[in-house]
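Shown next, in structure tokens, is the structure this report addresses.
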Amino acid sequence: MPERDEVSWNSIISGYVGSGEIEKARDLFEEMPVRRNIVCWTSLINGYGKEGNLNEMLGLFLQMLVSVDDVGPNSATMVCLLSACSSLSDFKLGKLVSIFIDVNEIPLNTILSTALIDMYLKCGDLEKAWRLFDGISCKSLVSWNALITGYVQRGLLEEAVRLFYLMQAESVKPNEITMVNVLSACAGLGALELGREVHIYLGRKGLDLNVILATALVDMYSKCGRLIDACLVFVKTTNKDVALFNTMILGLAYHGHGRDSLAVFAEMEKNGPDANDVTFIGVLSACNHSGLIEEGRVQFSNMVKKQKLIPKVEHYSCMVDLLGRAGYLDEAFEMIQNMEVPPDSIIWGSLLSSCRIHRNIELADKIGEAILSSQDPNLGFCILLSNIYASVGRWKDVARVRRLVKEKGIKKPSGCSWIEVDGVIHRFLVEDSIHLQSKEIYEIHEFVTNQLKVEGYVPNFDFVLKNIDGM
DNA sequence: GTAGGGTTAG
């Protein structure tokens, strides 16, 4: 074997790590005739981290600390550890790594700070993340992206959009990853105008419209009610993967285009990628939203028997809702009882609302018990139950539900809706008067309501939930 | 040797 220096050993080891041949890399690493430097150690540590083997990764790191090679971990080593903790959501270990960095005064460069920001955002410690971000003297695009991504993933969508503007004000140019996150925020906010601007920007910059960006666009357009634009992006995208198909199937399903949604699914079964469990959430919702009962039954059995997918509570939830609405209450009830997963209050609530529609008090009684004794009773369902009792004059039961709600301290955050007009997001709460044009808005609302009456609309007060004191 | 991305019921 020809003599090799440290540097060429490093590149051989990292080559094997890069191509996923971690065992080969490890064997060579053990037999190396020259001193193993920090690059070599870090390379192998990273290899274990990337394949999700935290135990081996940590073992190797500890081995390094006591090895005769006498190397100390540097910033890159810590980035590898943090990156593994973050992708495997092991935040306990991540915090330990962070403490190690502090104690050993490992220098914080931009990359290490960014890795720490990512970790702290995922744990929900926004303050620490911000302190780190402020401390970066040379904020990179990736640092901004980590911050924006973290905000989007925590559901802080308006703030994420604000960060996006702030980033541009600092003359940092966004890339695909920034745009995916901004589009995701737009989808959640219903911010069609900003979403469109992003789409136009992508076209103008000639940025590669990869399948991830396409998915984010399709999702944004569907959730903002622009199904035609969603379809256009979907059709134009080559190399469609399962997530893109799922997004399109769900988008069509939401908007009541059950048949079209199923057609996309059929196309996927024929020429596309394999379906997964998310696909069937879309397929079953398509059947549900379009009242395709028989099709729903067929697809559910297709999922279990042909595709060998194990149904989750979400799939059962779709089926229970589908069957319940159509009046097959006993079948829906039986399905909940025979599931191999524990029912949550949501699935019970769905069946309960079907009981109300079909006025099945006996079943509502049974479900009521299940909801009230469950871990997470939902206030909405308690009110629903109480209204069902009220509708048949069972006032004692109404009082019992009300007492339980008080005792358990069940609360519900107030509902909120918002709309974006000319890039400004307007937010509304029930019966609020916060908006500056509140007076005009209520006037128009009254006008529309009157117009509906003129056109012959008669509201069905039967289904309006009664507000009960203390609930 | 090193940081960041899309789809999930009611």
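Residue numbers start from 1 in every chain, and the chains themselves are labelled A, B, ... in the order their sequence lines are given, proteins ahead of strands.
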| field | Side-chain donor/acceptor of A/Thr215 to base of B/dG6, under 3.5 Å | value |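 Side chain to base: pair found, below 3.5 Å.
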
| task | Check whether the side chain of A/Asn10 and the base of B/dG1 form a donor-acceptor pair under 3.5 Å. | result |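 Answer no: no donor N or O sits under 3.5 Å from an acceptor.
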
Report the nucleotide, chosen from [options], that has the shortest atom-to-atom distance to any side-chain atom of [X].
X: A/Ser140; options: B/dG4, B/dG1, B/dA3; result: B/dA3
X: A/Lys223; options: B/dG4, B/dG5, B/dT7; result: B/dT7
X: A/Tyr254; options: B/dA9, B/dG5, B/dT2; result: B/dA9
X: A/Cys80; options: B/dT2, B/dT8, B/dG4; result: B/dT2
X: A/Val79; options: B/dG5, B/dT7, B/dA3; result: B/dA3
X: A/Lys50; options: B/dT7, B/dA3, B/dG1; result: B/dA3
X: A/Ala115; options: B/dG6, B/dG5, B/dA3; result: B/dA3
X: A/Glu314; options: B/dA3, B/dT8, B/dG1; result: B/dT8
X: A/Val180; options: B/dG5, B/dA3, B/dG1; result: B/dG5
X: A/Ala243; options: B/dG6, B/dT2, B/dG4; result: B/dG6

Base, sugar-phosphate, or nothing for [X], non-hydrogen atoms under 4.0 angstrom?
X: A/Ser14; value: sugar-phosphate
X: A/Leu183; value: nothing
X: A/Ile111; value: base
X: A/Ile347; value: nothing
X: A/Asn74; value: base
X: A/Val152; value: nothing

Taking atom [atom2] of [N] as reference, at what distance in whole Å does atom [atom1] of [X] sit?
X: A/Phe234; N: B/dG6; atom1: CZ; atom2: C1'; answer: 14 Å
X: A/Phe381; N: B/dA9; atom1: CZ; atom2: C1'; answer: 11 Å
X: A/Leu60; N: B/dG1; atom1: CG; atom2: P; answer: 16 Å
X: A/Leu284; N: B/dT8; atom1: CG; atom2: P; answer: 15 Å
X: A/Asn46; N: B/dA3; atom1: CG; atom2: C1'; answer: 11 Å
X: A/Gln153; N: B/dG6; atom1: CD; atom2: C1'; answer: 11 Å
X: A/Phe245; N: B/dT8; atom1: CZ; atom2: P; answer: 17 Å
X: A/Leu147; N: B/dA3; atom1: CG; atom2: P; answer: 18 Å

Give a yes or no on whether a salt bridge exists between [X] and [Y], defined as a side-chain N under 4.0 angstrom from a carboxylate O.
X: A/Asp69; Y: A/Arg36; answer: yes
X: A/Arg196; Y: A/Glu193; answer: yes
X: A/Lys139; Y: A/Glu170; answer: no
X: A/Arg297; Y: A/Glu331; answer: yes

| Once you round to the nearest 0.5 Å, how far does OG of A/Ser345 lie from CD1 of A/Ile367? |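 Those atoms lie 12.5 Å apart.
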
| message | Would you say A/Gln307 and A/Glu269 are linked by a side-chain donor-acceptor pair, where the criterion is simply a distance under 3.5 Å? | response |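 Indeed, the side chains of A/Glu269 and A/Gln307 share at least one donor-acceptor pair under 3.5 Å.
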
